[in-house]
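Comments concern the structure below.
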Amino acid sequence: MPELPEVEVVRRGLERWVVGRVIESVEIVDARSLRRHVHGVEDFVGTVGGALVTDVVRRGKFLWLTLAEPSAPTLPPSVALMAHLGMSGQLLIEDSEAPDEKHLKVRLRLSPAMDDGDALPTDLRFVDQRIFGGMFVADLEPTADGAAGGTGGRATPLIPHQAAHIARDPLDPAFSLSQFHERLTSRRTGLKRALLDQGLISGIGNIYADEALWAARFHYARPTDTMRRSDTRRIVDAATGVMARALAAGGTSFDSLYVNVNGASGYFARDLEAYGRAGRPCRRCLAEGRSTLIRRESFMNRSSFLCPHCQPKPRNARP
């Protein structure tokens, strides 16, 4: 499933290609991708069709396009088009003449626009092989802390109701290390379980949790109530660094299901230190003259990857 870097790559692409353009028409190829829009297909088409895209915003793994009336583009938006990518959802920018993708679900036709003298593609397509994702319109409400709803171009202090429960992510300028530390240490759970809790800190999934834990030299079962402030800063800095490097590489792609808006895969999978490397040498140990193999362990019906030397299991472990 896409994590923060992958969704941010998509957000930046949409910001470049879609903001400032009107959604001239909406074509629903498969209504199953609108199942989260409770008011039905006709309402979705009527709300989204004719709207101006004023911004593309992300909080954690949540992504939305703020919509406005073309006649009043500077007024605060009241609704947003949310795109939930799920396991295999893709938002692709295509020329209208390009062949339809096999798993095309929704097509938004955008108003003409130019970039350095070249006409921009006019189709924004939602493609989803497994149909776990979808699109829906959501009302916007003020953020609880008065800061921007998430990472975007306009820093508007509004957020879709469906995303209001999601915590801020480590790349968000409004993320508070102090608040995160207080909430983290008030829980009696394991560190990785806490990192995966989107209500505590957002955007981190299984891949980047393992990578951050490896970078910070923490075992996934480190009790959160034993974390000192310096420990919390270490894991947050590690997560921030890992995700920033992944973002620079275009995200992590293991197959064709994750691509950016132009259909290109990310390359950070080549730089992973722990995730997916079971039975292979820990590069840090190798550099320090040791031969330690990365280990895979069962965790919450999925896997955790770690170096048993760099990340020793604590005696009071809480998985």
Side-chain angles (χ1 to χ4, degrees), residues 1-3 6-7 9-11 13-15 17-19 21-70 77-96 98-111 121-141 149-150 152 158-166 198 202 256-261 263:
M1 180 174 291
E3 300 181 28
E6 291 76 44
V7 180
V9 167
V10 173
R11 190 203 70 79
L14 293 175
E15 184 176 55
W17 296 94
V18 176
V19 170
R21 303 174 73 177
V22 173
I23 300 171
E24 294 189 332
S25 64
V26 180
E27 179 186 355
I28 309 303
V29 180
D30 188 339
R32 290 178 295 175
S33 289
L34 300 187
R35 64 188 180 280
R36 292 179 177 86
H37 187 77
V38 296
H39 299 298
V41 173
E42 289 187 9
D43 181 83
F44 180 91
V45 173
T47 303
V48 175
L52 173 71
V53 180
T54 59
D55 201 3
V56 185
V57 189
R58 177 196 56 75
R59 180 184 284 203
K61 308 173 192 178
F62 278 67
L63 183 70
W64 63 91
L65 286 66
T66 56
L67 305 179
E69 291 290 337
S78 60
V79 297
L81 172 58
M82 295 200 72
H84 179 57
L85 300 181
M87 293 289 291
S88 59
Q90 302 170 351
L91 287 167
L92 303 177
I93 297 291
E94 297 277 13
D95 290 316
S96 58
D100 288 354
E101 292 77 10
K102 180 179 180 180
H103 302 288
L104 175 65
K105 305 301 178 187
V106 179
R107 185 200 325 270
L108 307 180
R109 183 63 52 84
L110 305 172
S111 59
T122 56
D123 277 10
L124 173 58
R125 302 179 182 182
F126 180 71
V127 178
D128 192 2
Q129 176 179 331
R130 299 176 181 171
I131 323 182
F132 291 152
M135 305 183 87
F136 59 97
V137 176
D139 292 330
L140 293 169
E141 61 185 46
L158 297 170
I159 189 168
H161 174 74
Q162 290 85 342
H165 66 288
I166 299 298
Q198 302 300 296
S202 67
S256 62
L257 294 183
Y258 164 67
V259 295
N260 65 17
V261 296

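All values reported here derive from a predicted model rather than from experimental measurement. Atoms considered below: every heavy atom in the structure, side chains included; atoms not considered: hydrogens, waters and symmetry mates.
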Checklist entry - Which is it for Gln90 and Glu101 under the side chain to side chain contact (heavy atoms under 4.5 Å, CB included) test, yes or no, and what are the steps along the way? => result CA-CA 11 Å; Gln90 302 170 351; Glu101 292 77 10; 5.9 Å; no
Next on the checklist: Under the side-chain hydrogen bond (donor to acceptor under 3.5 Å, both in side chains) definition, can you give me all pairs with a residue in residues 38-54, not counting sequence neighbours?
Outcome noted: His37-Asp43, Thr54-Thr66
Item to check | Whether Arg58 side chain and Gly60 backbone form a donor-acceptor pair below 3.5 Å | outcome: yes
Item to check | Distance in Å, Arg11 CZ paired with Leu65 CG, rounded so as to fall on 0.5 Å steps | outcome: 10.5 Å
Item to check | Residues Asp100 and Arg107 bridged, charged N to O under 4.0 Å | outcome: yes
Item to check | From Arg59 atom CZ to His165 atom NE2, the distance as rounded to the nearest 0.5 Å | outcome: 10.0 Å
Next on the checklist: Are the side chains of Met135 and Leu34 in contact, using a 4.5 Å heavy-atom criterion?
Outcome noted: yes
Checklist entry - Closest heavy-atom contact between Ala51 and Leu67? => result CB-CB, 4.0 Å
Checklist entry - Between Gly152 and Glu15, what is the shortest heavy-atom contact and its length? => result C-OE2, 4.0 Å
Item to check | Distance in Å, Lys61 NZ paired with Ile166 CD1, rounded so as to fall on 0.5 Å steps | outcome: 9.0 Å
Checklist entry - How long is the gap from CG on Asp128 to NZ on Lys105, to the nearest 0.5 Å? => result 6.5 Å
Next on the checklist: Within the structure provided, determine whether Trp64 and Ile159 are in side-chain contact (heavy-atom separation under 4.5 Å).
Outcome noted: yes
Next on the checklist: So Gln162 and Phe136, do their side chains get closer than 4.5 Å, heavy atoms only?
Outcome noted: yes
Item to check | Nearest heavy-atom neighbours spanning Ala164 and Glu141 | outcome: CB-OE2, 3.5 Å
Checklist entry - If you look only at pairs with a residue in residues 79-90, which of them pass as a salt bridge (charged side-chain N to carboxylate O under 4.0 Å, His left out), with sequence neighbours excluded? => result none
Next on the checklist: Would Asp139 and Ser78 count as a side chain to side chain contact (heavy atoms under 4.5 Å, CB included) here? Give the steps.
Outcome noted: CA-CA 6 Å; Asp139 292 330; Ser78 60; over 6 Å; no
Checklist entry - Looking at CZ of Arg125 and CG of Leu92, how far apart are the two atoms once the value is rounded to the nearest 0.5 Å? => result 8.0 Å
Checklist entry - Which is it for Leu81 and Phe44 under the side chain to side chain contact (heavy atoms under 4.5 Å, CB included) test, yes or no, and what are the steps along the way? => result CA-CA 9 Å; Leu81 172 58; Phe44 180 91; 3.6 Å; yes
Next on the checklist: Between Asp55 (side chain only) and Val57 (backbone N and O only), is there a donor and an acceptor less than 3.5 Å apart?
Outcome noted: no
Checklist entry - Taking side chain as C-beta onward, heavy atoms only, is Leu91 less than 4.5 Å from Leu63? => result yes
Next on the checklist: Are Ile23 and Leu110 packed together at the side-chain level, in the sense that at least one heavy-atom pair is separated by less than 4.5 angstrom?
Outcome noted: yes
Checklist entry - If we only count heavy atoms from C-beta on, is the Arg21 to Thr122 side-chain gap below 4.5 Å? => result yes
Checklist entry - Just by distance, with hydrogens left out, do Asp123 and Ser96 show a side-chain donor and acceptor under 3.5 Å apart? => result no
Next on the checklist: Do His103 and Val127 make a side-chain contact, defined as non-hydrogen atoms from C-beta onward lying under 4.5 Å apart?
Outcome noted: yes
Next on the checklist: Going by side-chain contact (heavy atoms from CB on, under 4.5 Å), Val53 matches just one of Val18, Leu14, Val22, Leu124. Which one?
Outcome noted: Val18
Checklist entry - Are Arg109 and Val26 side-chain neighbours, meaning at least one heavy-atom pair lies under 4.5 Å? => result no
Checklist entry - For Glu27, does the CD atom have more than 12 heavy-atom neighbours from other residues, nucleotides or ligands under 6.0 Å away? => result yes
Checklist outcome for this item: Closest heavy-atom pair, Phe62 versus Ala163, reported as atoms and distance to 0.1 Å, is CD2-CB, 3.7 Å
Item to check | Closest non-hydrogen atom pair, Gly133 against Phe126 | outcome: C-CZ, 4.0 Å
